[in-house]
Amino acid sequence: MKPEHPCREAANGPLTKQGIAARLAQDIPPGSFVNLGIGQPILVADHLPEDSGVVLHTENGMLHMGPAAGGAEADPELINAGKAPVTELPGAAYFHHADSFAMIRGGHLDICVMGAFQVSTAGDLANWDTGEPGAIPAVGGAMDLAIGAKRVFVMMTLFTKSGAPKLVPRCSYPLTGAGCVDRVYSDFAVLDLTPRGVRVHETFGTTVGELAERLGLPLLGPA
């Protein structure tokens, strides 16, 4: 398959995890209420401008979470849902776990950002169990977030360590949510999951055609 849409970032290499987080942070509107999932998504907090007005929510019961804490700044009692030390911003509030999930289920979060084992072209999300021997299933609040947030962003590498695509026609792992993912931020591309198919919003170090060939999927070029 020949490249049909050379994208504006094609001359650059794939993004690092920090690069993906920085790119994703650019798309969070000021003043949004956002939940960052454990793992890679928490890196987004480090790339939000101080004056963004974005309020970060954690399902263990905190609003206005700040960037990750380290060294003497780390407080073992101030952690996010992944038990990683975090900072608090002015106006931070704490609340019961049940209230936290009421916020999620009540549709009060504008965006959630989650990692994924697989995302299907229909927007299905699989991120809690690979079913592999020794793997520990860990759903946490992901199922609630997948259907409770107004928009779902996924942050992930686009291929496994063995090179298998993580964007697939149909998920082989158990689903977290069906048809819930709006956009995927990855090392090679930003991809919108639309009713017409997967539309490439932006690429990094590749082209739409090269990416389509490697994924084995039809891709729509940038609008």
Side-chain angles (χ1 to χ4, degrees), residues 1-17 19-29 32 34-37 39-41 43-44 110-130 142-143 145-223:
M1 186 178 296
K2 300 293 183 183
E4 32 319 61
H5 296 286
C7 296
R8 62 186 177 88
E9 296 287 352
N12 300 327
L15 298 183
T16 63
K17 292 178 182 177
I20 301 171
R23 176 62 189 85
L24 194 157
Q26 294 175 11
D27 288 350
I28 297 179
S32 298
V34 179
N35 183 291
L36 302 178
Q40 293 185 31
L43 299 176
V44 174
D110 297 305
I111 296 170
C112 76
V113 183
M114 291 191 281
F117 297 136
Q118 291 177 328
V119 174
S120 82
T121 53
D124 301 332
L125 171 66
N127 78 346
W128 69 281
D129 185 16
T130 63
M143 289 181 178
L145 288 163
I147 62 168
K150 295 172 184 171
R151 299 190 73 194
V152 175
F153 291 167
V154 162
M155 176 180 169
M156 68 178 189
T157 56
L158 202 52
F159 301 92
T160 67
K161 292 180 180 178
S162 63
K166 295 165 76 172
L167 179 66
V168 294
R170 185 184 180 92
C171 293
S172 59
Y173 297 144
L175 294 186
T176 306
C180 58
V181 179
D182 296 289
R183 176 172 276 193
V184 172
Y185 293 83
S186 75
D187 40 356
F188 287 96
V190 178
L191 304 154
D192 288 319
L193 305 183
T194 78
R196 292 186 56 207
V198 180
R199 181 174 295 284
V200 178
H201 181 75
E202 191 173 354
T203 63
F204 312 107
T206 188
T207 66
V208 176
E210 291 167 347
L211 203 56
E213 185 171 35
R214 188 171 175 189
L215 287 168
L217 294 172
L219 298 177
L220 302 171

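Each residue takes its place number in the sequence, starting with 1.
Taking OG1 of Thr160 as the reference point, atom NZ of Lys166 lies at 7.5 Å (rounded to 0.5 Å). How far CG of Leu43 is from CG of Leu36: 9.5 Å, rounded to the nearest 0.5 Å. Atoms CD and OH, on Gln40 and Tyr185 in that order, are 15.0 Å from each other to the nearest 0.5 Å. Within the model, atoms CG of Leu125 and CG of Asn127 stand 4.5 Å from one another, a figure rounded to the nearest 0.5 Å. The CG atom of Asn35 sits 11.0 Å away from atom CD1 of Ile111, with the distance rounded to the nearest 0.5 Å. Taking CD from Glu213 and OG1 from Thr207, the interatomic distance works out to 9.0 Å, rounded to the nearest 0.5 Å.
Gly37 and Pro41 get closest at one heavy-atom pair: O-CB, 3.4 Å. Across Pro169 and Ser120, no two heavy atoms sit closer than the pair O-CB, 3.9 Å. Nearest heavy-atom pair, Phe117 versus Asp129, reported as atom, atom and distance to 0.1 Å: CE1-N, 3.5 Å. When all heavy atoms are compared, the tightest approach of Gly197 to Thr194 is O-OG1, 2.6 Å. Summarising the geometry of Pro174 relative to Ala126, their closest heavy-atom pair is O-CB, 3.5 Å, with the distance given to 0.1 Å. Of all heavy-atom pairs spanning Met143 and Leu175, the tightest one is CE-O, 4.0 Å.
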- Under the side-chain contact (heavy atoms from CB on, under 4.5 Å) rule, what do Leu191 and Leu158 come out as? Steps first, then yes or no, please. CA-CA 10 Å; Leu191 304 154; Leu158 202 52; 4.0 Å; yes

- Passes side-chain contact (heavy atoms from CB on, under 4.5 Å), Leu145 versus Val152? Steps please. CA-CA 8 Å; Leu145 288 163; Val152 175; over 6 Å; no

- Determine, stepwise, if the pair Arg183 / Asp27 fulfils side-chain contact (heavy atoms from CB on, under 4.5 Å). CA-CA 11 Å; Arg183 176 172 276 193; Asp27 288 350; 2.9 Å; yes

- Query: Stepwise, does the side-chain contact (heavy atoms from CB on, under 4.5 Å) test hold for Val198 with Leu217?
  - Reply: CA-CA 9 Å; Val198 180; Leu217 294 172; 5.5 Å; no

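Looking only at distances, a side-chain donor or acceptor of Gln118 sits under 3.5 Å from a matching main-chain atom of Tyr173. The closest donor-acceptor contact from the side chain of Arg199 to the backbone of Leu193 lies at 3.5 Å or more, if one exists at all. Looking only at distances, no side-chain donor or acceptor of Asp124 sits under 3.5 Å from a matching main-chain atom of Arg170. Under the 3.5 Å distance criterion, the side-chain polar atoms of Thr206 are left unmatched by any main-chain donor or acceptor of Glu210.
Figure legend: Arg23 and Phe204 shown without cation-pi pairing, the cationic atom not lying both under 6.0 angstrom from the six-membered ring centre and within 45 degrees of its axis.
Here the side chains of Thr121 and Pro218 are not in contact, with every heavy-atom distance at 4.5 Å or above. Looking at Val34 and Val44, their side chains never come closer than 4.5 Å, going by heavy atoms from C-beta outward. Phe159 places a side-chain heavy atom less than 4.5 Å from the side chain of Leu215.
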